[in-house]
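Okay, so here's the structure we're looking at.
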Amino acid sequence: MSRQVLPLFDNLHRGVLSCLTSAKSSLLHVCQAHAHILKVGIIYDTVLSSRLLALYSNHQCFAEAQLVLHSIPEPSVLSFANLIYALTRSNLLALSLDVFSQMLSHDIWPEYRILPNIINACGGLSALETGKQVHGIVFRSGLDSDYFVQGSLVNMYVKCGEIRDARKVFDRLPQRHVVSCSALISAYARKGCADETMRLFNEMKDFGVKPNLITWNGVLSGFNQSGHCREAVVMFQKMHSEGFQPDDTTLSSILSAVGDLEELNIGIQAHCCVIKQGLGQERYIRSALVDMYGKCACALELSQAFDELDEKDIGACNALITGLSRNGAIYLALKVFEQFRVEGMELNVVSWTAIIAGCTQNGKDIQALELFREMQSAGLKPNSVTIPCLLPACGNIAALMHGKAAHCFVLRTGIADDHHVGSALIDMYAKCGRIHMSRLCFDKMPTKNLVCWNAILGGYAMHGKTKEAKEIFDLMQRAGHKPNIISFCCILSACSHSGLVEEGWSYFNSMTKEHGIEAKMEHYASMVNLLGRAAKPEEAYALIKQMPFEPNACVWGALLGSCRLHNNVGLGEIAAKKLFELEPENPGNYVLLSNIYASKAMWTEVDAVRDIMINRGLKKNPGCSWIEIKNKVHMLLAGDKSHREMPQILEKLNELSMEMKKVGYCPETDFVLQNVEEQDKEQMLGEHSEKLAVAYGLLNTSPGSPLQVIKNLRICRDCHAFMKSISSLEEREIFVWDTNRFHHFKDGICSCGDFW
DNA sequence: GTAGGGTTAG
C-alpha cells in the first residue's frame, strides 16, 4: 500500500490529528477519526496508528484496536504494550496472551513494562506452562532483575499453585518487599501450612518489612479457606492488639472463621468492629453475619441479620435456610423456604440441598424425600452434595426403594466415584439391611478415603458381622489408612455384638499403645457395653471407675442396659442413680430400672420408680416403627388406635399368633413394666410397633417379598422371637434395625444369633 | 500505565 502525507491545510484532517493526540477523546470522535482515515485511504505513520490503537484500547474496543494493530506495517513494542495493558485491565487475559504471542511472532522483544501484565495474565489463567515459557523469555531478555517482574513471577507461581517455585523466585529477590511477602504468606495460609505462614510472617518483620492490612487479610482469609479457623481467629486478635483496624475484607473472613468455630463471643466482638468501622452496609459483611449467626446457633440474631439485608441474594437466603436448620428451627426453615418459593425467589440447587439436609438432620426424613422429589419437578438437578444429604433420610427410615432410586441417579449422572456419595450409599444400604450392596458399592469405588472405609466398617458392625469388620479393619490399614476414633468405635461395637471380650480389650488397648489415640467417651461406652453384655458387669464397672474423665450418660446407660439384660439389681441401681442425675428427663432409664425390679418381682421398688416418673411428669417413649411399602414410608405407633387399618392389622396379628402358638411360639412376658394379668400382658406385647409394622407389611405386600422395619427403641425379646417365627411361617425375610443393631430374620433364625 | 486480600449447602 502506498503511503501518503496528510494535507495539513485540510480542517478535517486537523481535527483528526487533534483527536488522536488527545488522551481524552470520546469514543465517537475516535470512531469519526478512524472512519475518515479509512475513507480517504490514508495509512498513517506508526506513531499516529499507535495513538488510534491506544484510544480504542482505552475505550475497551478491542476488536477495533486489533484491526488497527494489523494495519500497522511496522508495529512497535509500544503498539502492543498499549493493547496488552488495556486487555489485562479488562481481565481479558487469554486475549492479552494472544496479542503477546503476536508480538513475539513479529520478532519484537518485550520490554519491562509489558512483562508484569503478561505474567499476571498467566497467573490469572493458572496457565503454568505458558507462565514457565514467559519466565524463560524473562531470562533471555535480561529483565529478570526487574523488581516488578520478579514480584509478578512470585505471584504467578502462587496463583498456579506452585508454591515451591514461587519460593525459589522469592528467595532470589535482592530484597524483601511487602507485596511479594504478602502473596507468599497468603499462599502458605491457603495451603494450610500454618508453620510456614507464621515463619515467613515473623521473618518479614526481621527484614524490616512491615505487614500492612493486605498482609493480615491474606493470612486471615488463607487460614479461613484452608479450614484453619482457630489460627485465623488468633491472628485476628493479634492484629487487633497490634493496633490494626480491620476492614471489610478482614471482617468477612473472620466472621466466616468464627462461624465454623461456633465461637459466638468472638463473633459478637467482630460484629462490634463492623459497627464501629461503619461497615454494616457492606454486602459481603452482611452475608457473613447471616452465616456466622446461623452457625453460632442464634436463630434470633440470624433472622435479624437477614431482615437487615437490603438485597436478599440467593447466598443469604441459603445461609438463612441452613442456619435455621442447624439451630434445630426446622419448622421455621421450612416456612422460610416455602415463603421464598411463594415469592418467586429463584432457589438453586444449594437452597434445595440445604433444606433437604435440614430435614434429614432434624428427624424429618419423610419430608426430605418429598422435597427431593419436588426439587426435581421444579427442574433442578441434584448434585454430588445433594445425594449424601438425602441418603441418610433413606437409611433412617429404611426407605430402600428411595435409596435405590437415588443410587440409580448417582450411576446415571456419573458421581459414584465421589467419596461423600460413595460412603453415603454404603451407609444407606447397610441401614436398609442390604449389607452385600454396601460392600458392592464399596468395592466399586476406584479410590477410597478413610470415611469410605469407616462406612463399610460401621455397616458390618451394625450387622454384627464381626469377622468381616475385622477383615476390613486390617485391610484399611494395609491400604495405608490409619484408623481414627470412628474406626475404633465401629470395631469395638462389632466386638460387642459377638461378645468378643478378649479382642475388644486388645483393640481398646491398641488405641493408645499403637495408634496414639486417646480413648474418648464413646470408646469407654462401647467397652462397658461389650463387657456388660458378655456378663461381666463388674469388670465394666471397674473400667468406669478407672476412666480419666467423668463418665457421661452414654457410659452409665451402657451399664444400665447390660444390667437389665442380666437382671443385675445392685449395679443397675448405681447406674440408674447416676443417670437420674445426668438426664432426669429421660424416661428410658426409669423404665429400665423398673424392668430390672420387675424381673425379680420387687413390686414395691417397681411402684416407687413409677411414682418418680409420675411426679416428674414423664411418660414412657411410645414405641415407633417405620416400614416402606410401595415407595411410601408408613409410621406405626404402639397402641395407636387412630390408624385407619388398625382393625385389620390387629386381626392379622391375632391370626398369626394363633398359627405361631401351634408351632411352639410362646410370648415372653417377663419384662413388662406392671404386674398385670397374663392375658393383658400378651395384648400389650401384641401392640408393639414392630409387630404392627410387620403385620401391616404382610397385609400390603406380595407373598415372599422382604420386609424392612426401623424401630426407635431396642427390639424386645418377645418381638425377636415373634419375628423369627414369622420369617419361617410366612416365608419372608424380615430386616429390623433397632437403636442397637441390625437383625436379619430368615427361615426362623436371626443374623444376630440371639446375642444382642 | 507495571505485583498482594472478602461471604453463601455435605
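For the pair A:S180 and B:dA3, the criterion of a side-chain N or O lying under 4.0 Å from OP1 or OP2 is not met. Between A:N224 and B:dT7 there is a side-chain polar atom (N or O) within less than 4.0 angstrom of OP1 or OP2. Regarding contacts with the backbone of B:dG6, every side-chain N or O of A:N217 stays at 4.0 angstrom or more from both OP1 and OP2.
Within 4.0 Å (heavy atoms only), A:S384 reaches at least one base atom of the nucleic acid. At the heavy-atom level, A:N117 lies nowhere under 4.0 Å from the strands shown. Contacts of A:N318 with the nucleic acid, taken as non-hydrogen atoms under 4.0 Å apart, are absent. Backbone-only contact: A:K159 has heavy atoms under 4.0 Å from sugar-phosphate atoms and none from a base. Within the nucleic acid shown, A:A316 comes within 4.0 Å of at least one base atom, counting heavy atoms only. Residue contacts shown for A:V158 are absent, as no nucleic acid heavy atom lies under 4.0 Å away.
Distances from the side chain of A:T353 to the nucleotides B:dG1, B:dT7, B:dA9 place B:dA9 closest. In this structure, of B:dG6, B:dA9, B:dG4, it is B:dA9 that holds the atom nearest to the side chain of A:A354. Comparing B:dG5, B:dA3, B:dA9 against the side chain of A:T249 picks out B:dG5 as the nearest. When each of B:dA3, B:dG10, B:dT7 is scored by its nearest atom to the side-chain atoms of A:S287, the top-ranked nucleotide is B:dT7. When each of B:dG1, B:dG6, B:dG10 is scored by its nearest atom to the side-chain atoms of A:S221, the top-ranked nucleotide is B:dG6.
The two residues A:A232 and A:L220 make their nearest non-hydrogen contact at O-CD2, 2.9 Å.
When ring centroids are compared, A:W453 and A:F442 come within the 6.0 Å threshold. The six-membered or imidazole ring of A:H402 lies away from that of A:F372, with a centre-to-centre distance of 6.0 Å or more. Not less than 6.0 angstrom separates the ring centroid of A:F244 from the ring centroid of A:H240.
For the segment residues 136-149 of chain A, residues with any heavy atom less than 4.0 angstrom from an atom of DNA chain B are, sorted by number, A:Y147, A:F148. Residues from residues 80-103 of chain A with heavy atoms under 4.0 angstrom of DNA chain B, sorted by number: A:A81, A:N82, A:Y85. Residues from residues 208-216 of chain A placing a heavy atom under 4.0 Å of any atom in DNA chain B, listed by number, are A:N212, A:I214.
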Let me check something: any side-chain donor-acceptor pairs from residues 298-306 of chain A under 3.5 Å, sequence neighbours excluded? List them with distances.
unit_1	atom_1	unit_2	atom_2	d
A:S303	OG	A:A299	O	2.9

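Contact annotation: side chain of A:N155 to base of B:dG4, donor-acceptor pair absent below 3.5 Å.
Summarising the local packing, NZ of A:K312 is surrounded by more than 12 heavy atoms from other residues, nucleotides or ligands at distances under 6.0 Å.
The interatomic distance linking A:R326 (CZ) with B:dA9 (C1') rounds to 8 Å, in whole Å. Separating the CG atom of A:N362 from the P atom of B:dA9 is a distance of 17 Å, rounded to the nearest angstrom. Rounded to whole Å, atom P of B:dG5 lies 6 Å from atom CZ of A:R190. Rounded to an integer number of Å, the gap from NE2 of A:H177 to P of B:dT2 is 13 Å. For A:L255 and B:dG5, the CG to P distance is 20 Å, given to the nearest whole Å. Rounded to a whole Å, the CG atom of A:L289 is 14 Å from the P atom of B:dT7. A:Q225 has its CD atom 9 Å from the C1' atom of B:dG5, to the nearest Å. Between A:I415 atom CD1 and B:dG10 atom C1' there is a gap of 12 Å when expressed in whole angstrom units.
Checked by atom type and distance alone, the side chain of A:S226 pairs as donor or acceptor with a backbone atom of A:A189 at under 3.5 Å. Side-chain atoms of A:R286 come within 3.5 Å of backbone atoms of A:G280 as a donor-acceptor pair (strictly under, hydrogens ignored).
Between the side chains of A:S152 and A:N155, no donor-acceptor pair of N or O atoms lies under 3.5 Å.
For A:I314, the side chain to side chain contact (heavy atoms under 4.5 Å, CB included) partners at least two apart in sequence or on another chain are A:N318, A:M345, A:L347, A:N348, A:S351.
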Exercise. Test A:R341 against A:E374 for salt bridge (charged side-chain N to carboxylate O under 4.0 Å, His left out), laying out the working first.
Key: CA-CA 12 Å; A:R341 290 181 74 186; A:E374 277 180 50; 2.6 Å; yes
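Under 4.0 Å is where a charged nitrogen must lie from a carboxylate oxygen, and between A:K168 and A:D165 at least one such pair does.
Within the structure, the ring-ring contact (aromatic ring centres under 6.0 Å, His included) test picks out no pair touching residues 373-393 of chain A (sequence neighbours left out).
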